[in-house]
Number of protein chains: 2
Amino acid sequence: MDAKLDSKTNILAAAARLFHLQGYHATGLNQILKESGAPKGSLYYYFPNGKEQLATEAIEQMSERIYVEIKNSLNNFPTLKEGIQFYIEKLAQKFDKIDELESMPIGLLASETSLISEPLRNTCLRSYQKWEDLYYQKLIENHFDSKDASHISVMITCLIEGAITRSLVSHNGNPLREVRISLNKLIEEK
Amino acid sequence: MDAKLDSKTNILAAAARLFHLQGYHATGLNQILKESGAPKGSLYYYFPNGKEQLATEAIEQMSERIYVEIKNSLNNFPTLKEGIQFYIEKLAQKFDKIDELESMPIGLLASETSLISEPLRNTCLRSYQKWEDLYYQKLIENHFDSKDASHISVMITCLIEGAITRSLVSHNGNPLREVRISLNKLIEEK
DNA sequence: GTCTATAGAATGATAGAC
DNA sequence: GTCTATCATTCTATAGAC
């Protein structure tokens with residue numbers, strides 16, 4: 001039973017890593033299978049809808065991982081302002097050593113697939129909304145009104161995704177740090 | 001002579017459109033040729049370094065087009081604050097009718113290629129820096145000090161790129177409009 | 001149920017005819 | 001110089017052996 005589960009787990013783990021690092025179209029099923037050690041038949045046994053299903057589940061897994069990471073970051077501090085600073089600094093550090101980068105949020109996959117696959121677009125949309133809800137709830141706790149809270153939540157997603165792209169091109173986490181500073185101005189204490 | 005130039009021009013125009021809409025790996029050379037009407041031999045005659053060279057020149061062309069668009073937007077207004085609002089609103093409108101979208105800035109290509117091609121990464125980096133220099137110069141004109149101006153310039157790039165991704169996933173330009181509002185707060189008058 | 005072998009199409013690239 | 005025909009490779013997906 002463990003072996004069975006491991007096969008599916010291994011395929012999904014390899015897929016998640018490669019999809020988020022290289023993108024949807026740059027990642028072949030053969031590469032995923034080679035890295036996971038599983039044969040091709042297993043992939044279509046566990047993921048009968050092929051590449052699209054594999055990508056959907058990979059995004060969901062990554063989404064959940066980031067959700068937990070954000071949640072933990074926010075829980076360490078009384079305000080969103082402080083928590084988000086901590087989270088972004090951790091993110092920035094990943095981009096300083098670009099060679100060791102082994103995962104990043106879903107922006108690349110979202111951009112690649114939003115125009116060609118409704119299931120993948122919806123998965124990405126739900127991910128963003130789940131993260132934004134974490135920000136939103138924390139802002140409500142911090143006595144922001146609902147309208148401001150929901151505005152700032154979307155802003156944070158945009159800022160982080162854009163800064164990730166910009167950091168990737170710069171080969172360092174400095175753009176993320178610029179964003180971190182700006183968020184201080186954007187999230188005014190109530 | 002016109003025919004010669006047209007062949008190269010047509011290939012590049014089709015490539016620029018498809019690369020920016022679909023991404024680097026999702027766009028095949030055959031698709032580019034089919035859309036441009038040119039035969040495959042011509043592509044390798046005009047772009048001997050193949051797909052990578054074609055993408056480089058496509059990004060440079062798109063970069064220049066956006067540069068002019070930003071420049072014109074800023075020239076219409078006395079302050080960066082007002083000019084950038086105008087530019088972003090124009091951008092947002094493109095995402096409201098997602099089916100008619102026929103080009104968007106370079107974020108997707110940048111994310112796809114920054115880890116696998118130094119020439120493409122450098123082309124993207126130069127594009128971002130050229131746009132940021134427009135913002136920077138306008139801010140200096142508006143009497144911002146150099147440090148603030150350079151910080152805000154990078155911020156704007158990150159915000160716009162992130163909001164484009166977010167708008168793509170939402171299938172409307174609202175995230176871009178949220179960003180537009182926030183920029184009012186982030187660019188404080190001096 | 002697990003996996004091998006392969007189909008069928010598309011990819012980027014090239015050689016060589018005209 | 002311009003373009004056609006084809007290369008080897010890789011892609012996703014499937015049929016069928018065990």
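Being a predicted model, the structure only gives us computed values, none of them experimental. Letters go in sequence order (proteins before strands), and every chain restarts at 1. Only this structure's heavy atoms are used, side chains among them; waters, hydrogens and symmetry mates stay out.
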note: B:Asn49, atom CG; C:dA13, atom P; distance rounded to Å ~ 9 Å
Take the protein atom CG of B:Leu18 and the nucleotide atom P of C:dA10, then report the distance between them rounded to whole Å.
16 Å
Are any of the side-chain nitrogens in A:Glu89 or A:Arg180 under 4.0 Å away from the carboxylate oxygens of its partner?
yes
Could you check whether the rings of B:Tyr24 and B:Phe19 sit parallel, tilted or perpendicular, using 30° and 60° as the cut-offs?
parallel
Can you tell me which residue among B:Ile84, B:Asn142, B:Ile187, B:Leu139 is in a side-chain contact (heavy atoms from CB on, under 4.5 Å) with B:Thr79?
B:Asn142
OP1 or OP2 of D:dC3 less than 4.0 angstrom from a side-chain nitrogen or oxygen of B:Ser42, does that happen here?
yes
Interatomic distance, A:Leu43 CG vs C:dG1 C1' [rounded to whole Å]
16 Å
Which nucleotide in the set D:dC3, D:dA13, C:dT2 lies at the smallest distance from any side-chain heavy atom of A:Lys40?
D:dA13
Side-chain atoms of A:Tyr46 come closest, of D:dA13, C:dT2, D:dT2, to C:dT2
Name every residue in residues 20-37 of chain B that has at least one heavy atom under 4.0 Å from any atom of DNA chain C, in order of residue number, or write none if there are no such residues.
B:Thr27, B:Gly28, B:Leu29, B:Asn30
So B:Trp131 and B:Ile160, do their side chains get closer than 4.5 Å, heavy atoms only?
no
salt_bridge(A:Glu64, A:Lys130) N-O dist < 4.0 Å:
yes
Contact nearer the 5' end of DNA chain D, comparing A:Tyr44 with B:Tyr45
B:Tyr45
Output yes when A:Lys94 and A:Glu100 qualify as a salt bridge under the 4.0 Å nitrogen-oxygen rule, no when they do not.
no
